[in-house]
Peer 1: 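Can you read through this structure? Questions will come right after.
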There are 2 protein chains.
Amino acid sequence: MQVSLQALKAFEAAARHGSFKAAAEELSLSPTAISHHVQNLESRLSLSLFHRSVRKIQLTQAGKRLADAASRGFRTIEQALEEISLAGRKIQVATTTSFASLVLIPALDDFQRQFPSIAVKVSSGESIENQLYSLPIRFGNTESVAAEDILCRETFDVFGAPSAVPALMSNNALRIALTRWKNPALQAPPIDSWLANNFNLKPDIEFISHDQELIGIQQAVMGKCLVFCSATLSKPFVQGGLLTPVGSHSVDTGYCYYCPDKSHYDSNNNQLFLHWLQALLVA
Amino acid sequence: MQVSLQALKAFEAAARHGSFKAAAEELSLSPTAISHHVQNLESRLSLSLFHRSVRKIQLTQAGKRLADAASRGFRTIEQALEEISLAGRKIQVATTTSFASLVLIPALDDFQRQFPSIAVKVSSGESIENQLYSLPIRFGNTESVAAEDILCRETFDVFGAPSAVPALMSNNALRIALTRWKNPALQAPPIDSWLANNFNLKPDIEFISHDQELIGIQQAVMGKCLVFCSATLSKPFVQGGLLTPVGSHSVDTGYCYYCPDKSHYDSNNNQLFLHWLQALLVA
DNA sequence: ATTATAGATGATTTAAACTCATCTATAATC
DNA sequence: GATTATAGATGAGTTTAAATCATCTATAAT
């Protein structure tokens with residue numbers, strides 16, 4: 001067809017406003033430019049798009065048809081631009097409640113200090129809403145995840161509140177909180193392996209299960225029990241003196257935190273964020 | 001958003017072909033130009049649209065979304081351009097069967113000789129198909145039509161085949177074909193007025209009615225009867241010696257041929273055609 | 001190894017797009 | 001009924017944006 005898109009844009013604006021002047025203002029051009037563009041279109045199509053009376057333009061039949069299509073076409077494109085440009089400006093992290101509340105959100109201040117212009121939104125739990133263009137950070141089995149997607153491998157240990165540990169350990173029946181993952185692909189936490197590493201004789205233990213590590217950790221912080229959980233998740237509490245490992249040997253779990261298709265994340269900001277997160281996790 | 005439409009066009013073609021080179025060929029540009037355009041887009045959106053491996057590009061998530069929207073958006077616009085540009089290249093006249101067959105089609109050769117590059121299609125009768133962008137030539141009452149839309153005012157006369165006229169006129173019972181218009185807004189043809197103008201004593205007359213002038217005219221040409229009809233429609237036959245007016249006084253009818261909203265016809269070709277038609281009718 | 005290919009990059013050239021000055025027609029104001 | 005103001009038309013001139021060219025890289029195929 002050989003018509004210029006800019007001419008179409010100019011025409012569309014003129015049609016919408018019913019005025020070259022107003023269209024020019026919208027597009028930050030001179031009315032002359034709009035006039036030239038419309039004439040260019042008209043001559044290429046060899047038909048009039050506007051009826052010109054003095055100080056008044058009015059769409060012709062063909063002009064109406066084209067203006068409508070151009071408006072819809074440009075709108076379609078603008079909406080997509082709007083949508084994806086959000087992904088360019090804002091980071092939307094989707095992860096587990098435990099990782100979000102215990103690691104990500106507390107550390108976010110540091111990220112914001114380094115990159116104050118980048119907005120970060122963390123959504124956690126099951127909420128699928130607005131998954132589009134979000135950056136997923138998942139918890140899974142190391143062997144079922146591509147090596148380049150892994151952010152950190154998880155070691156587990158048993159932790160307890162320092163003030164409560166002596167009492168909890170001296171007790172005949174140890175109470176240890178475990179996590180029973182909702183995800184059936186994840187095997188149960190290797191508490192037996194940890195016990196074998198830390199006790200000669202397997203003590204009498206009462207296990208309590210929750211479906212999120214967060215809950216067991218909070219129980220442990222409150223001194224109600226010990227918790228067998230991720231070193232990554234407990235780290236903020238250990239550093240804050242609220243939890244301490246009770247044994248001397250942590251165990252490797254085969255779990256990891258990872259970002260599926262990590263290399264495919266297309267926004268500069270997402271890449272920046274992943275880089276920052278990885279540094280945070282290995283620290 | 002401030003992204004260039006040409007960059008979007010380049011990106012859309014690249015996405016569709018999965019290749020900058022192919023996109024460049026489609027748009028008659030160099031692959032470099034496509035590369036520049038895509039980079040320009042990516043930097044403005046601050047995200048990647050393609051994953052680049054060597055000699056292979058692959059859309060990112062955001063790239064897919066944008067490519068889809070851009071394709072649909074541009075297609076919408078191109079379809080409208082295609083549709084209306086047809087109106088710019090081709091003239092589609094819609095008119096009555098009688099006018100088309102007796103006047104327009106016979107004269108079309110002359111138009112084609114003058115403008116060989118312009119295609120003309122004449123559709124007649126009730127067919128509404130493809131009314132869009134067609135140029136209507138209608139038959140109606142002068143007083144209900146805007147003066148500037150009128151192509152020619154109609155005078156009526158009674159005609160007969162020259163060889164048959166003496167016999168038909170000498171007969172006691174004259175047989176005259178009339179038209180009873182399907183359109184209820186049109187009053188009956190003023191045959192009484194014609195009779196008053198051409199006879200002192202009203203003769204004995206048998207009237208035959210058809211809903212199209214064409215039919216009465218053909219009957220008259222075949223010598224079966226006389227016909228009271230439009231001077232415009234009978235002119236080709238009169239000039240060809242197949243019909244002759246039987247009286248000396250034609251009558252004005254209040255009918256006219258007109259083009260509704262004549263001034264609004266937007267294609268250069270339509271205007272050219274209307275000009276030619278008007279010249280034809282007043283000749 | 002060698003060649004060929006797709007794309008990236010940066011400098012240069014070209015062409016398209018925008019503006020400016022001028023003009024016309026008309027509506028509003030006095 | 002002259003005067004002013006306004007929206008758009010027109011054509012020449014200028015500027016900016018876009019395309020190309022030359023060069024380079026990485027890799028797949030021979």
Side-chain angles (χ1 to χ4, degrees), chain A residues 1-60 63 67 70 74 148 263-264 266 268 271, chain B residues 1-60 63 67 70 74 148 263-264 266 268 271:
Chain A
M1 194 49 46
Q2 287 295 88
V3 305
S4 134
L5 285 165
Q6 326 204 43
L8 276 165
K9 193 93 194 73
F11 163 70
E12 189 273 336
R16 192 156 22 80
H17 288 108
S19 153
F20 287 6
K21 190 166 183 275
E25 272 157 25
E26 177 182 312
L27 300 175
S28 311
L29 291 177
S30 64
T32 312
I34 309 294
S35 171
H36 279 306
H37 273 310
V38 172
Q39 279 180 60
N40 175 278
L41 267 186
E42 291 181 319
S43 77
R44 277 176 202 272
L45 295 167
S46 65
L47 47 79
S48 315
L49 295 167
F50 289 110
H51 296 300
R52 272 98 162 160
S53 352
V54 185
R55 274 195 261 182
K56 202 177 92 189
I57 55 173
Q58 200 191 343
L59 283 168
T60 62
F74 289 134
E148 67 270 24
S263 67
H264 273 213
D266 36 19
N268 299 344
Q271 283 165 9
Chain B
M1 192 50 47
Q2 285 297 86
V3 304
S4 133
L5 284 165
Q6 327 205 39
L8 276 166
K9 193 92 193 73
F11 163 71
E12 189 272 336
R16 192 155 26 78
H17 287 108
S19 153
F20 287 9
K21 190 167 181 273
E25 273 157 25
E26 178 183 312
L27 301 175
S28 312
L29 292 177
S30 65
T32 312
I34 309 293
S35 173
H36 279 307
H37 274 310
V38 172
Q39 278 180 61
N40 174 277
L41 267 185
E42 290 180 321
S43 78
R44 279 176 201 271
L45 295 168
S46 66
L47 48 79
S48 314
L49 295 168
F50 290 109
H51 296 300
R52 272 100 163 158
S53 349
V54 186
R55 273 194 262 181
K56 202 177 92 188
I57 54 173
Q58 201 190 342
L59 284 168
T60 62
F74 288 135
E148 67 270 24
S263 67
H264 274 212
D266 35 20
N268 299 343
Q271 283 165 10

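Proteins come first, then strands; the chains are lettered A, B, ... in the order of their sequence lines, and each starts at number 1.
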Peer 1: If the condition is side-chain contact (heavy atoms from CB on, under 4.5 Å), which residues does A:A14 pass it with, not counting sequence neighbours?
Peer 2: A:F20, A:A23, A:I34, A:F50
Peer 1: Mind checking side-chain hydrogen bond (donor to acceptor under 3.5 Å, both in side chains) for A:S4 and listing every partner two or more places apart, or none if nothing turns up?
Peer 2: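 A:S4 satisfies side-chain hydrogen bond (donor to acceptor under 3.5 Å, both in side chains) with no other residue.
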Peer 1: First and last nucleotide of DNA chain D touching chain B, 5' to 3', heavy-atom cut-off 4.0 Å?
Peer 2: D:dA18 to D:dA28
Peer 1: Fill in the dot-bracket string of DNA chain D, one character per base: . for unpaired, | for a pair to another strand, ( ) or [ ] for pairs within the strand, taking Watson-Crick or G-U pairs under 3.5 Å.
Peer 2: ||||||||||||||||||||||||||||||
Peer 1: What residues form a side-chain contact (heavy atoms from CB on, under 4.5 Å) with B:T32, not counting sequence neighbours?
Peer 2: B:S30, B:H36
Peer 1: Side-chain contact, heavy-atom cut-off 4.5 Å: B:L5 with B:L8?
Peer 2: yes
Peer 1: With sequence neighbours left out, what residues match B:N40 under side-chain hydrogen bond (donor to acceptor under 3.5 Å, both in side chains)?
Peer 2: B:R44
Peer 1: Please give me every residue in residues 46-58 of chain A whose heavy atoms get under 4.0 Å of an atom in DNA chain C, ordered by residue number.
Peer 2: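 Per residue number, the list reads A:V54, A:R55.
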Peer 1: Indicate whether any N or O donor in one side chain lies under 3.5 Å from an N or O acceptor in the other, for B:Q39 and B:S43.
Peer 2: no
Peer 1: Could you list the residues that satisfy side-chain hydrogen bond (donor to acceptor under 3.5 Å, both in side chains) with A:T60, not counting sequence neighbours?
Peer 2: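 For A:T60 the side-chain hydrogen bond (donor to acceptor under 3.5 Å, both in side chains) partners, ignoring immediate neighbours, are B:D266.
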Peer 1: Just to confirm, is there a sub-4.0 Å distance from OP1 or OP2 of C:dA16 to any side-chain nitrogen or oxygen of A:Q6?
Peer 2: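 Negative; the distance criterion is not met.
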Peer 1: Going by the rule side-chain hydrogen bond (donor to acceptor under 3.5 Å, both in side chains), which residues pair with A:E42 if we only count those two or more places apart in sequence or in a different chain?
Peer 2: A:R52
Peer 1: Of all heavy-atom pairs between B:F11 and B:L41, which one has the smallest distance, and what is that distance?
Peer 2: CB-CD1, 3.5 Å
Peer 1: I need the residues from residues 19-39 of chain A with at least one non-hydrogen atom less than 4.0 Å from DNA chain C; give them sorted by number, or say none.
Peer 2: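 Listed by number, they are A:L29, A:S30, A:T32, A:A33, A:H36, A:H37.
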Peer 1: Could you report the tightest heavy-atom contact between A:G18 and A:I57, atom names first, then the distance?
Peer 2: O-CG1, 3.4 Å
Peer 1: What residues, two or more places apart in sequence or in another chain, satisfy ring-ring contact (aromatic ring centres under 6.0 Å, His included) together with B:H17?
Peer 2: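 Not a single residue meets the ring-ring contact (aromatic ring centres under 6.0 Å, His included) criterion with B:H17.
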Peer 1: Filter on salt bridge (charged side-chain N to carboxylate O under 4.0 Å, His left out), then keep only pairs touching residues 10-28 of chain B, sequence neighbours left out; what's left?
Peer 2: B:K9-B:E12, B:E12-B:R16, B:R16-B:E26, B:K21-B:E25
